[in-house]
There are 2 protein chains.
Amino acid sequence: MVKTQATKPDWREARRRSARDAIVVAAWTLVEREGLAALSLRDLAREAGISTPTVYAYFDSKNAIYDAMFGQAAEQFTAYMAAIPDSGNVRADLAAALRGFATFCTASTPRYQLLFQRTVPGFEPSAESYAHAVAALDIARLRLGEVGVTDPRQVDLWTAMTVGLVDQQISNDPHGDRWLSLVDDAVEMFLTHCLPTSTSTSPTRAATRERARR
Amino acid sequence: MVKTQATKPDWREARRRSARDAIVVAAWTLVEREGLAALSLRDLAREAGISTPTVYAYFDSKNAIYDAMFGQAAEQFTAYMAAIPDSGNVRADLAAALRGFATFCTASTPRYQLLFQRTVPGFEPSAESYAHAVAALDIARLRLGEVGVTDPRQVDLWTAMTVGLVDQQISNDPHGDRWLSLVDDAVEMFLTHCLPTSTSTSPTRAATRERARR
DNA sequence: GTCTATAGCTGGATAGAC
DNA sequence: GTCTATCCAGCTATAGAC
């Protein structure tokens, strides 16, 4: 009575999910070690302790695996960015957001490449997975809006600065903080440019210099 | 008498060079059409009108072809950057250099990827080819120095801004000028940040605004 | 669902006749 | 130098027994 037929599909689905997850975990382990493009189904099966055809019992194709990875990464991204607190201080919050973004990106190069660069040959994320990523990027845009930066050109300038810092950091100093350490400087430079009549709620280096000049 | 044996090796070398060049030309045609990573020796041979083994008569390996392409690209780069004139106006010259760099990069995506990103799997440019590229980048650094920006941190900020603009332009608006059109803005923002006591030789928007504030 | 075995393809690189 | 023919390695994906 308790165990009706309706409960049975639930296990199955649960087991299926955890088996899928195990494969995706193995995939991350591999791409972290060998590079995103170097993922092969043979290696993946070996890493996961199964045979190649078994992979196909859970994923229709190699791109389906990339898509699952993309979805997972996008989820992590939204969670990470949403967890950055708002203090009310314009410069501090923007700097925190940028630093958070950069930290997230540099924490895993293949994750960054999968999510933000288009380095995998024939792969396009599914609409569902992609929506996640776009939503998180819009959060960043909203944050800029709250600060008072709404001119699309200025938003473009911001994104350029952002990806520039992250890109240089990842490709020229993967394990250091040479460009990461410039985040405060960059934010100050950007806001001084975009908001000449400063509206920040606490003193900053720029505001201090401004005052000293009068 | 006139035709000594010494002249014979000259033709040979000349013919050999032009044959090599023809192969490299075919390679550029292909990567421009199919992407840098998609270059295969079969396709290359077909495009060049020869057979696959013949390619090996001129290049030891596939990477040797990439290296020849890299060398050519580096040469084009130095020539292009050296041709940008100096006017003596700090902001204008820096903007011209940045615009030139961005224009050069966006003119050919695979060339940009080969020169500045490390997207080809096992390929490292030979020391000789690489020296060319580094020399050109140092010219840009010198230009910054002349302007009065010598703090390494500020140089890093400049390079981040530069690659950010180019990267966004290439990956999000390949045939437009959405980020290219921000060059003047970016230069103004950067110089205002780095040289608070402006030393530019002609009025700029920033200087004008500065004056208006007093 | 899981395996062994293998198909089918594409890649770089080589042998050997001419 | 140039070709035809081929080797060998790697890949994704499938067939079919259990």
Side-chain angles (χ1 to χ4, degrees), chain A residues 8-27 29-31 33-70 110 114 119-124 126, chain B residues 8-27 29-31 33-70 110 114 119-124 126:
Chain A
K8 205 173 164 192
D10 285 356
W11 315 344
R12 291 218 171 153
E13 209 166 314
R15 286 205 76 75
R16 192 176 169 77
R17 276 256 266 274
S18 83
R20 275 180 65 103
D21 283 350
I23 293 175
V24 174
V25 166
T29 308
L30 267 179
V31 298
R33 192 195 306 148
E34 314 271 349
L36 183 62
L39 180 65
S40 90
L41 294 185
R42 289 199 218 288
D43 293 348
L44 173 55
R46 188 183 308 121
E47 178 72 32
I50 58 181
S51 72
T52 316
T54 302
V55 176
Y56 282 89
Y58 296 96
F59 295 95
D60 287 342
S61 69
K62 187 181 176 180
N63 277 349
I65 297 171
Y66 277 128
D67 197 59
M69 296 170 78
F70 185 99
L114 180 61
T119 173
V120 181
F123 169 66
E124 287 290 315
S126 68
Chain B
K8 206 171 161 192
D10 285 355
W11 314 342
R12 290 217 172 152
E13 208 164 312
R15 286 206 76 75
R16 191 176 169 78
R17 275 256 265 276
S18 84
R20 274 180 66 104
D21 283 352
I23 293 176
V24 174
V25 166
T29 307
L30 266 179
V31 299
R33 192 195 305 150
E34 314 271 349
L36 184 62
L39 180 65
S40 89
L41 293 185
R42 290 202 214 291
D43 292 349
L44 173 55
R46 188 183 308 121
E47 178 71 31
I50 56 181
S51 71
T52 316
T54 302
V55 175
Y56 282 90
Y58 295 96
F59 296 95
D60 287 342
S61 70
K62 187 180 175 179
N63 276 349
I65 296 170
Y66 276 128
D67 197 59
M69 296 170 78
F70 186 98
L114 181 61
T119 172
V120 180
F123 169 67
E124 288 289 318
S126 67

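In the text below, chain A, chain B and the rest are named by the order of the sequence lines, each starting its count at 1.
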Worksheet item: Which atom names give the shortest non-hydrogen contact between A:Leu114 and A:Tyr66, and what distance separates them?
Response: CD2-O, 4.1 Å

Worksheet item: Where is the tightest heavy-atom contact between A:Ser51 and A:Ala45, given as atom of each residue plus distance?
Response: C-CB, 3.6 Å

Worksheet item: Do A:Arg42 and D:dG10 have a side chain to base donor-acceptor pair shorter than 3.5 Å?
Response: no

Rounding to a whole Å, what distance do you find between [X]:[atom1] and [N]:[atom2]?
{"X": "A:Arg46", "N": "D:dC11", "atom1": "CZ", "atom2": "C1'", "answer": "13 Å"}
{"X": "A:Ile23", "N": "C:dG1", "atom1": "CD1", "atom2": "C1'", "answer": "11 Å"}
{"X": "B:Leu39", "N": "C:dA13", "atom1": "CG", "atom2": "P", "answer": "11 Å"}
{"X": "A:Arg20", "N": "C:dG1", "atom1": "CZ", "atom2": "P", "answer": "12 Å"}
{"X": "B:Leu41", "N": "D:dA9", "atom1": "CG", "atom2": "P", "answer": "18 Å"}
{"X": "B:Leu44", "N": "C:dT10", "atom1": "CG", "atom2": "C1'", "answer": "16 Å"}
{"X": "B:Arg15", "N": "D:dG1", "atom1": "CZ", "atom2": "P", "answer": "10 Å"}

Discussion item. Counting C-beta onward and ignoring hydrogens, is there a side-chain heavy-atom pair between B:Leu39 and B:Glu34 closer than 4.5 Å?
Written reply: no

Discussion item. Could you check whether any side-chain heavy atom of B:Ile65 comes within less than 4.5 Å of a side-chain heavy atom of B:Leu41, counting everything from C-beta outward?
Written reply: yes

Of all the choices, [options], which nucleotide is nearest to the side chain of [X] once you look at every atom?
{"X": "B:Tyr58", "options": "C:dG12, D:dT2, D:dA13", "answer": "D:dT2"}
{"X": "B:Lys62", "options": "D:dC3, C:dG11, D:dC11", "answer": "C:dG11"}
{"X": "A:Pro53", "options": "C:dT14, D:dT14, C:dA13", "answer": "D:dT14"}
{"X": "A:Thr54", "options": "D:dT4, C:dC3, D:dG1", "answer": "C:dC3"}
{"X": "A:Tyr56", "options": "D:dA13, D:dC11, D:dC3", "answer": "D:dA13"}
{"X": "A:Ser51", "options": "C:dG1, C:dC3, C:dG12", "answer": "C:dC3"}

Discussion item. Please classify the nucleic acid contact of B:Arg16 as base, sugar-phosphate, or nothing, using heavy-atom distances under 4.0 Å.
Written reply: sugar-phosphate

Item to complete: Would you check, one step at a time, whether the test side-chain contact (heavy atoms from CB on, under 4.5 Å) holds for B:Ile50 with B:Ile23?
Response: CA-CA 9 Å; B:Ile50 56 181; B:Ile23 293 176; 4.0 Å; yes

